[in-house]
Protein chains: 2
Amino acid sequence: MSNIRDVARLAGVSAATVSRALSHPEKVSYERLEKVRKAIAQVGYRPNMMARNFRFARAYAVVVLVPDISNPFYSLFIRALEDRAQQKGYTVLLGDTRGIPEREIEYIRRVESHLADGIVQLRPDSKTTQNNMPPDIPCVNACGCEYTVGPAIRIDNRSAAKTVVNYLISLGHKCIGVISGLKDNPHAIDRLNGYKEALAEAGIPFEKDLVTEGDFTMWSGLNAAVKLCNMKVRPTAIFSMNDEMAIGAMQILKNKGIRIPEDMSVTGFDDIAYSKYSDTSLTTISQPAEEMGKMAMDMLVQVIEGEPLSQLEYVLPTEFIIRESTGPAPGKK
Amino acid sequence: MSNIRDVARLAGVSAATVSRALSHPEKVSYERLEKVRKAIAQVGYRPNMMARNFRFARAYAVVVLVPDISNPFYSLFIRALEDRAQQKGYTVLLGDTRGIPEREIEYIRRVESHLADGIVQLRPDSKTTQNNMPPDIPCVNACGCEYTVGPAIRIDNRSAAKTVVNYLISLGHKCIGVISGLKDNPHAIDRLNGYKEALAEAGIPFEKDLVTEGDFTMWSGLNAAVKLCNMKVRPTAIFSMNDEMAIGAMQILKNKGIRIPEDMSVTGFDDIAYSKYSDTSLTTISQPAEEMGKMAMDMLVQVIEGEPLSQLEYVLPTEFIIRESTGPAPGKK
DNA sequence: TTGTATGCGTTATCAG
DNA sequence: CTGATAACGCATACAA
């Protein structure tokens, strides 16, 4: 591989001139600029970015910490993040933690050892996260819940959930089952609070047995739905905390001959692509995943570059999308 | 940020000793090892990996070039790749090209400028790809088709497709529509060849009107299905070249009152998670995405480190999974 | 405008 | 076993 001195020698100038020709061409005479240009072409010189980054003590790279990249919501987010990163001259280092703290720490270490300049955090488990994250490393929390600290991009999970449940109530549903994420998942907590608020405002008592626990996978949604079906008083609607679990639930309901939405309404959360195309298309909450990815990147770069943040937290709007999986409670019209 | 000399000063040793204490502790006396250990802890020293990489002229990073990370097959592959990379001390740089050649080139440049050591290529468009890829940069083609050059991990698209179509034929189907990817997509070409072979061996003439073109999205599958339904002689089965398009197709078929599989059979390709949970679960080909991701990483590291490759190409087995979306041709039993 | 000299943090070499 | 030194490739302060 040729370096800047090879080019300089060939062009008959100093290495400094070659460097300037590339970074500050206005400071170099036209004549030498041409010489340098030719020499660069002749040897096929490519500046060594690693050396340059090293000199600037900057990696121009960010880590994105994600529990599972195969989750469609996350992959959409990351796609937008990467897009923005590329625009800004940054590289995205993929950190799929699978929820394992050691892996998270491994990636935090990458920042501490200067292989990346900051972290975008999609990990919702804020307790662990905040324990592991040293306060001095640039970090944006992009899966924020109500009680995150530091720069954050988030949605209002609570009021979104409330909107969904309000809608179900308006359709006459009084017994609404919940398929939750893991109980200590911040999203699950916020969304459950929305559910409770909606119930309270409608004067419906909260029944904790109606809340089943899943882990955001289709399989867990299926299992949770089985439990809900076997209850003494079977709910007439299911509020699932994400689309995957709702899809899993719908499959088993249909297998059992329960019609959707005639016998039971089902709602999701996220609006992943499959929700629109699933056989009974899913009523759900759409999150602005791409907008969130872009904003997270913008925000992180601001933090990295030491620019002041005009806002510490951005709460983005969600959209409630009504499709075929919801209808009037049985017996209502 | 503290550096190696700060530690050395504090420990009362030379920088070289600190370096050795970290990299070759067996070459350092126990006494000084302890001193160094304490000093490191005291100042919270983290070795600057960028400086170390710079010195070794290695990035310990690889680029993964993918047309669309939100595609579940790709994200599974990448998850496994990242897993293996982490095991081997490498970082994965995410390169979502969205099929745009300029973006691909941008990432190739990252390797040329020493920000990464090599590339795993998931881009199936081998023509463009090979035009852009300089011969001297380590690269593994992981979405290989029959005519890729260089190190490759792939499946036998042709024979997998043939298996599917053979099965449909065995069910009595004689008029089998195809939802293809873009006509010049290597996967689409290989799979279409499999389709043709199966037909030929069964003595069924190939009808080119039965081949509709999609772009591997659900939406395009839906549109293609509409075309197939409107044909003079409507096919009794649809061979879709991926699951997404099959899911899109199934939705519109059901909307039109066409029963699956009684009136029409549908098959997919990839076996993404949703195929199992979609309302009529999908008969499809399962690709070993995770195995492919791991092997691609192993292979790339071998190339990077200059180890000889025992095999230039690995063809991994696929599995044919029969679910509910296929059945006997109408009129057959 | 241009060239020279220096340093970024690390590690291998070599002499002690 | 240890320390001083040079080198990796680049960009800047400074001198000319």
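Each chain gets a letter, A, B and so on, in the order its sequence line appears, and its residues count up from 1.
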Scan [X] against the nucleic acid and name what it touches under 4.0 Å (heavy atoms): base, sugar-phosphate only, or nothing.
{"X": "A/V18", "answer": "nothing"}
{"X": "A/A16", "answer": "base"}
{"X": "B/E31", "answer": "nothing"}

What's the [atom1]-[atom2] distance between [X] and [N], to the nearest Å?
{"X": "B/F54", "N": "C/dT10", "atom1": "CZ", "atom2": "P", "value": "13 Å"}
{"X": "A/R9", "N": "C/dG3", "atom1": "CZ", "atom2": "C1'", "value": "16 Å"}
{"X": "B/E34", "N": "D/dC1", "atom1": "CD", "atom2": "P", "value": "16 Å"}
{"X": "B/N3", "N": "C/dG7", "atom1": "CG", "atom2": "P", "value": "14 Å"}
{"X": "A/I4", "N": "C/dT4", "atom1": "CD1", "atom2": "P", "value": "14 Å"}
{"X": "B/R5", "N": "D/dG3", "atom1": "CZ", "atom2": "C1'", "value": "14 Å"}
{"X": "B/R20", "N": "C/dC14", "atom1": "CZ", "atom2": "C1'", "value": "11 Å"}
{"X": "B/H114", "N": "D/dC8", "atom1": "NE2", "atom2": "P", "value": "13 Å"}

Item checked: Test applied, side chain to side chain contact (heavy atoms under 4.5 Å, CB included); reference residue, A/I78; option that passes from A/V120, A/D96, A/I69 ->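 When A/V120, A/D96, A/I69 are each tested with A/I78, the side chain to side chain contact (heavy atoms under 4.5 Å, CB included) holds only for A/I69.
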
Using a cut-off of less than 4.0 Å, is there contact between a side-chain N or O of [X] and OP1 or OP2 of [N]?
{"X": "B/R52", "N": "C/dT11", "answer": "yes"}
{"X": "B/S29", "N": "D/dT2", "answer": "yes"}
{"X": "B/R32", "N": "D/dG3", "answer": "yes"}
{"X": "B/H24", "N": "C/dA12", "answer": "yes"}
{"X": "A/R58", "N": "C/dC8", "answer": "no"}
{"X": "A/T17", "N": "C/dG3", "answer": "yes"}

Item checked: Residue met sooner reading DNA chain C from 5', once A/K27 and B/Y45 are mapped to nucleotides ->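 Of the two residues, A/K27 wins.
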
Note to self: Return whichever of B/A51 or A/L22 has its heavy-atom-nearest nucleotide of DNA chain D closer to the 5' end.
What the structure shows: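 Whichever sits nearer the 5' end wins; that is B/A51.
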
Check: Less than 4.0 Å between a side-chain N and a carboxylate O, is that true for B/E34 and B/R37?
Finding: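 Judged by the 4.0 Å cut-off on N to carboxylate O distance, B/R37 and B/E34 do form a salt bridge.
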
Item checked: A/R103/B/D83 ion pair, N-O < 4.0 Å ->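 Yes, charged N to carboxylate O under 4.0 Å.
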
Checklist line | Closest non-hydrogen atom pair, B/M299 against B/E313 | finding: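 Looks like CE-N, 4.4 Å.
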
Next item on the list: Heavy atoms only: give me the nearest A/R110-B/Y90 pair and the separation to one decimal.
Entry: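 Answer, listing the atom of A/R110 first, then B/Y90: NH2-O, 3.1 Å.
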
Notebook entry, point to check: Counting side-chain heavy atoms from C-beta on, which of D/dC10, D/dG3, D/dT12 comes nearest to A/P47?
Noted result: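 Selected nucleotide (nearest to the side chain): D/dC10.
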
Check: What's the closest nucleotide to the A/S14 side chain, out of C/dT4, D/dG3, D/dA7?
Finding: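 Looking only at side-chain atoms, A/S14 lies closest to C/dT4.
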
Checklist line | B/R58 to B/F56 six-membered ring, cation-pi geometry met (6.0 Å, 45°) | finding: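 That pair does not qualify as a cation-pi contact.
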
